[in-house]
Amino acid sequence: MTKRADKPITLADVARRAGTSTAVVSYVINDGPRPVAAATRERVLAAAAELRYRPNRIARALRSRTTGVVGLVLADASNPYFGALARHIEQELEKRDRLTLVGNAGYSAERQRHLTERFLAAQVDGLVIVAADGGGDVAAQAEAAGVPAVYVHHGHPGGHGQVVAADNQAAVREAVGHLRRHGHRSLAFLAGPTDDGPVGVRREAWAAAVTGDPDAVLLRCDYSRGAADALTRHLIAEGTMPRALITATDEHAIGVLSGAWARGLAVPDRLALISLDGTPESAHTAPALTVTEQPLRAMAEQAVELLFGDISGALAAHAPLVVRRSCGCAA
């Protein structure tokens, strides 16, 4: 039988140990609203540490009508891109003493709506949403509940809530220009199964950049390494693999590298490759991927600033070209 936990340590317990009032302990623990002498503060903190006191978040929420918790809805937590973005968002919220509660939608629109309702029921102070395709305007759900919400990377077209994203059009133009400087005239593009969200913006920017090129090829597959690997093997087998390729995501690019290696197709000698995500692991593929690196930290900072009203509008952040080996450069 599990032993029942001891009674939680309270402010009164800390006050008795420190030889002061509960009000003074509260001022120290909550960093205000009144100042406390340095010696008294040290005595209170020492007593709290000795007793292993932990502030009661629920009690604090009842007093302040805030929970100190922000919900983060991810389109897919297993995707390294979204994992890296989530880490930056969590770090920005930690700077504001906010706890991040993460929910994984798994690319499911229904689960995204369900997670939003669960977070709102938990009385979160705000929502940061990396939207799943077709997920509906969940920021409107938050707005109806009086909770601020911000989309990051991907929002709901024409919906509520501001969207923080990179300048994907400029990133694609830079990738196209770089491959052309390598002498490639016909540039293929690997997109997802649909044109929703940022991938659609990237695909449209590529189409505009290769206007007039009859040999430019649009390829599609699911957002997975396995799907891109299988597609690459198929194209190599039938002799239609392009000489230069821009992939919408790093997951695509890593799958392409895998399929090319399995079929003996040399990258970059036979296939020049650039990806449009720039996740941390893109630097550790073989060969290392040339990428337009999404400014995840800047996006996270803007999203949190918008959430707490520190800025009134988001600016599209620059996604710089990071040159490595896969495009044909010596770097």
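If you're wondering where the values come from, they're calculated on a predicted model, not measured in any experiment.
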Between Arg17 and Asp13, does any side-chain N to carboxylate O distance fall below 4.0 Å? no
Among residues at least two apart in sequence or on other chains, which ones pass salt bridge (charged side-chain N to carboxylate O under 4.0 Å, His left out) with Arg41? Asp31
Does some side-chain heavy atom of Val210 sit less than 4.5 Å from a side-chain heavy atom of Arg180? yes
Where Cys327 and Pro268 come nearest, the two heavy atoms and their spacing: C-CB, 4.0 Å
Smallest heavy-atom separation, Ser282 atom then Arg324 atom, equals OG-NH1, 3.1 Å
Distance from Ile89 atom CD1 to Leu296 atom CG, nearest 0.5 Å? 9.0 Å
Please examine the side chains of Phe189 and Leu219, heavy atoms only from C-beta on, and report whether any two atoms are closer than 4.5 Å. no
Run the side chain to side chain contact (heavy atoms under 4.5 Å, CB included) test against Pro148 and tell me which residues pass, sequence neighbours left out. Leu307
Which pairs with one or both residues in residues 295-311 pass side-chain hydrogen bond (donor to acceptor under 3.5 Å, both in side chains), sequence neighbours excluded? Arg96-Asp310
What pair of heavy atoms forms the shortest contact from Phe119 to Val73, and how long is it? CE1-CG2, 3.7 Å
Quick one: closest heavy-atom pair of Leu72 and Ala86, and the distance? CD2-CB, 3.8 Å
Does Pro320 reach the side chain of His318, with side-chain heavy atoms less than 4.5 Å apart? yes
Under 3.5 Å, is there a donor-acceptor pair between the side chain of Arg113 and the main chain of Val138? no
Side chains of Pro287 and Ser326: closer than 4.5 Å at any heavy-atom pair? yes
How many angstroms lie between CG in Leu271 and CD1 in Ile236, if you round to the nearest 0.5 Å? 8.0 Å
What residue pairs, at least two apart or across chains, pass salt bridge (charged side-chain N to carboxylate O under 4.0 Å, His left out) with a residue in residues 209-224? Asp195-Arg220
I want to check something: taking the side chain as every heavy atom from C-beta on, are Asn168 and Leu276 in contact at a cut-off of under 4.5 Å? no
Does any pair with a residue in residues 70-93 pass salt bridge (charged side-chain N to carboxylate O under 4.0 Å, His left out), and if so which ones, sequence neighbours excluded? Glu92-Lys95
Within residues 247-274 or reaching into it, pairs that qualify as salt bridge (charged side-chain N to carboxylate O under 4.0 Å, His left out) - sequence neighbours excluded: Arg225-Glu251
